[in-house]
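FYI, the numbering just counts along the sequence from 1. What you see is a predicted model, and the numbers here were worked out from it, not measured in a lab.
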Amino acid sequence: AFTPPALKSNQKQQRQHFQGAFPLDVSTVEDVAMSRSTLSKLALEDSTQTKLTPEQVAEYNTAIEGLPPPPPLLDVDGGWDLLATISPEAEAGDNVDFFDPNSWKNYIAGTGPSPFQSLITGSGRVNGLTQWLTPEDFDNVVQFKIGPIDGKLVVKASLENVNDNKRTFRFRRGFFLLKTVWGSSITLPYPVPFNLLGDRAIGWLDTIGYDEESGFRAALGNKGTRFVFKQRMETDIPADVAIASKIYSNTVEHETDAEERANNEGLPKRSVIICPQQFGGKPGDYTALTAQLRDRGHPVLLARLSALDWLSITKSAFTEAYLKGELEPSVALPFYMNAINDAVGRMGDGKEFTILSHSIGGWVARAWLGEVADEDVRRRCKRYVSLGTPHLAPPEDSIVSKVDQTRGLLKYVNDRWPGAHWEDIKYTCIASKGVAGEVKLNLDSILGYTSYFALIGEGGVEGDGITPVKAALLEGAESIVLEDVYHADVLPNPIGGRNTKLIGCRWYADKIDEW
């Protein structure tokens with residue numbers, strides 16, 4: 001059901017032939033009991049069954065025949081695990097197979113389902129396929145594991161029409177959800193141009209049998225394939241799939257100045273200037289955090305940055321100051337300083353504000369306060385908050401001091417404006433000890449160890465997965481160390497117009513009430 005079949009003129013004949021072969025309206029109590037027993041064994045299999053022997057086909061066809069007919073307009077919204085697919089040729093032992101030329105011949109001729117269906121649902125790497133149905137959507141979620149990679153393939157379709165128990169759908173788009181770091185997943189596109197397939201992206205499923213007590217349902221597809229489903233207890237699509245679907249369906253842009261003013265209008269508390277992480281500040285970054293702050297009464301202004309802005313930093317790589325490790329923030333990062341200036345300017349004259357900085361945005365903001373902001377503007381900054389900022393340069397006696405990642409930028413800041421430098425600003429530094437750096441077969445631990453070691457010369461310490469606790473706290477500042485959050489909820493993309501959302505990642509903004 002999840003591959004895009006075409007509508008053909010023989011749909012009616014196929015359906016009549018199938019219903020004539022399996023007169024569902026004469027199911028007896030014994031038939032239903034036998035069907036439940038057979039399909040219950042099928043439900044114990046680890047994955048969707050697609051390659052069946054003629055004996056299995058006969059057994060499952062008998063079980064389908066024994067199911068009661070569905071009531072008119074059966075409510076099938078919710079989740080359905082696909083247990084088996086039975087192609088029209090399966091009774092003769094001719095199962096659909098990706099590597100079988102005859103399967104491709106039937107598909108191209110419009111008389112059989114796509115061999116991709118067998119490749120995906122029948123693979124030993126696939127843990128199962130679930131359909132999630134709503135009045136608008138007809139979504140298919142394939143769970144798989146390839147080596148160390150756990151993931152899902154999500155193929156989304158829109159419900160086009162309902163005629164009694166026959167649902168017609170059109171495939172729209174697809175994407176992969178791959179498990180990565182910090183308990184999260186990233187999305188990658190599924191490279192099938194559904195919009196170019198025309199009617200081949202349309203299909204239908206007609207429910208022909210349903211046992212309410214056991215939750216087993218049988219359906220006939222427009223290519224003559226029969227499908228056996230079992231109803232899930234859950235009725236809502238998984239949260240990660242829902243979030244990813246929203247990301248893929250929306251075009252994200254920065255707020256315009258007018259939208260920002262309208263969203264901030266009437267909020268009574270002190271304004272917040274967000275200073276983003278490296279390669280951050282792009283459309284979609286900090287959207288949820290901005291909404292949380294506004295819900296609490298704070299006008300919010302983001303220091304907006306683009307991929308082109310960040311790429312301009314490469315000019316510093318060819319300078320003598322870079323080679324000597326003597327870069328200066330206002331010279332190497334003028335685009336960032338300008339973005340903060342612009343955010344302050346959009347706030348309006350005379351207003352007090354808080355700097356909320358993330359990752360390297362913390363020490364960039366300290367440099368901005370020290371050598372870019374004029375005295376009047378600096379005095380209007382009443383609070384400074386950093387989230388997971390690596391404030392401390394590598395110790396001079398450590399082996400990593402010679403390869404300082406900031407090429408002297410952080411040392412420059414700490415030498416001139418150490419600790420909680422400005423007495424009229426309240427400093428708060430937020431850190432996390434959610435990841436212990438270790439050298440073991442665990443991506444979070446290895447990433448943490450590598451990052452911590454590069455920052456402070458020690459890898460076996462605690463931190464947020466990128467910044468160790470030791471580096472995230474400034475002398476003289478209020479220090480808050482959280483237990484279980486990670487460094488960020490996006491994976492920075494240096495050259496892309498958007499960063500990659502880490503779906504399901506718990507980061508500092510998710511514990512906003514603790515800071």
Side-chain angles (χ1 to χ4, degrees), residues 273-278 303 316 321-322 324-334 336-337 340-341 344 352-433 451-458 461-464 466-482 487 508 515:
I273 306 292
I274 297 180
C275 297
Q277 69 171 339
Q278 188 172 16
S316 298
Y322 179 90
K324 290 183 176 180
E326 298 176 355
L327 289 179
E328 299 179 13
S330 60
V331 176
L333 304 169
Y336 203 134
M337 303 302 177
I340 301 176
N341 283 338
V344 172
E352 296 181 350
F353 62 94
T354 292
I355 285 179
L356 176 56
S357 57
H358 177 213
S359 194
I360 74 163
W363 55 257
V364 174
R366 290 166 60 203
W368 176 83
L369 285 168
E371 65 181 5
V372 177
D374 61 39
E375 185 65 16
D376 174 65
V377 171
R378 190 202 61 73
R379 288 186 180 276
R380 288 193 279 126
C381 180
K382 297 302 179 183
R383 192 176 179 202
Y384 168 96
V385 179
S386 64
L387 307 175
T389 292
H391 286 295
L392 301 184
E396 292 186 3
D397 59 349
S398 70
I399 63 174
V400 296
S401 64
K402 303 301 182 185
V403 288
D404 173 16
Q405 297 180 80
T406 72
R407 303 310 299 149
L409 290 169
L410 193 48
K411 183 178 185 303
Y412 182 96
V413 174
N414 287 330
D415 285 348
R416 287 158 178 77
W417 309 284
H421 181 75
W422 303 101
E423 293 183 357
D424 52 348
I425 297 176
K426 179 184 178 182
Y427 287 76
T428 303
C429 296
I430 319 296
S432 171
K433 54 181 181 179
S451 181
Y452 305 160
F453 185 83
L455 289 171
I456 63 171
E458 294 180 71
V461 295
E462 295 178 327
D464 63 11
I466 296 294
T467 304
V469 174
K470 290 182 179 181
L473 308 178
L474 282 173
E475 185 178 352
E478 176 189 16
S479 298
I480 300 174
V481 180
L482 303 176
H487 185 73
Y508 290 100
W515 48 269

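- Note that OG of S316 is 8.0 Å distant from CG of L409, once rounded to the nearest 0.5 Å.
- Put simply, the side chain of W515 never gets that close to the backbone of L387: no donor and acceptor are under 3.5 Å apart.
- Counting only heavy atoms from C-beta outward, the side chains of S357 and T389 approach each other to under 4.5 Å.
- R407 places no side-chain N or O within donor-acceptor distance of the main-chain N or O of L327, the cut-off being under 3.5 Å.
- Residue E475 qualifies as open at atom CD: its count of foreign heavy atoms under 6.0 Å is 12 or below.
- Interatomic distance, L473 CG to I480 CD1, rounded to the nearest 0.5 Å: 10.0 Å.
- W363 places none of its side-chain heavy atoms less than 4.5 Å from the side chain of N414.
- Distance CH2/W422 to CH2/W417: 8.0 Å, rounded to 0.5 Å.
- For the residue pair M337 and P329, the shortest heavy atom distance occurs at CE-CB, 3.7 Å.
- I466 and Y452 get closest at one heavy-atom pair: O-CD2, 3.6 Å.
- Using a 4.5 Å heavy-atom threshold, the side chains of V385 and I430 count as touching.
- Between the Y336 side chain and the P276 main chain, a donor and an acceptor come within less than 3.5 Å of each other.
- Without hydrogens or angle criteria, H358 side chain to H487 main chain gives a donor-acceptor distance under 3.5 Å.
- In this structure, I340 and V364 approach most closely via the heavy-atom pair CD1-CG1, 4.5 Å.
- With a 4.5 Å cut-off on side-chain heavy atoms, T406 and V413 do not count as touching.
- Considering OG1 of T467 and CG of L455, their distance stands at 6.0 Å, rounded to 0.5 Å.
- Once rounded to the nearest 0.5 Å, the distance linking CG of D424 with CZ of R379 reads 6.0 Å.
- Nearest heavy atom pair, residue P334 against residue A332, reads CD-C, 3.2 Å.
- Surrounding CD of E423 are at most 12 heavy atoms belonging to other residues, nucleotides or ligands under 6.0 Å away.
- Using a 4.5 Å cut-off on side-chain heavy atoms (C-beta onward), K426 and E478 make contact.
- Side chains of W368 and N341: a donor-acceptor N/O pair is present below 3.5 angstrom, by distance only.
- To the nearest 0.5 Å, the span separating CD1 on I355 from CZ on R378 amounts to 10.5 Å.
- The nearest pair of heavy atoms linking S386 to A472 is OG-O, 4.4 Å.
- Residues C429 and H391 come closest through the heavy atom pair SG-NE2, 3.9 Å.
- The existence of a salt bridge linking E458 and K470 is confirmed by a sub-4.0 Å separation between a basic side-chain nitrogen and an acidic carboxylate oxygen.
- Y427 places no side-chain N or O within 3.5 Å of a backbone atom of L474 that could act as its donor or acceptor partner.
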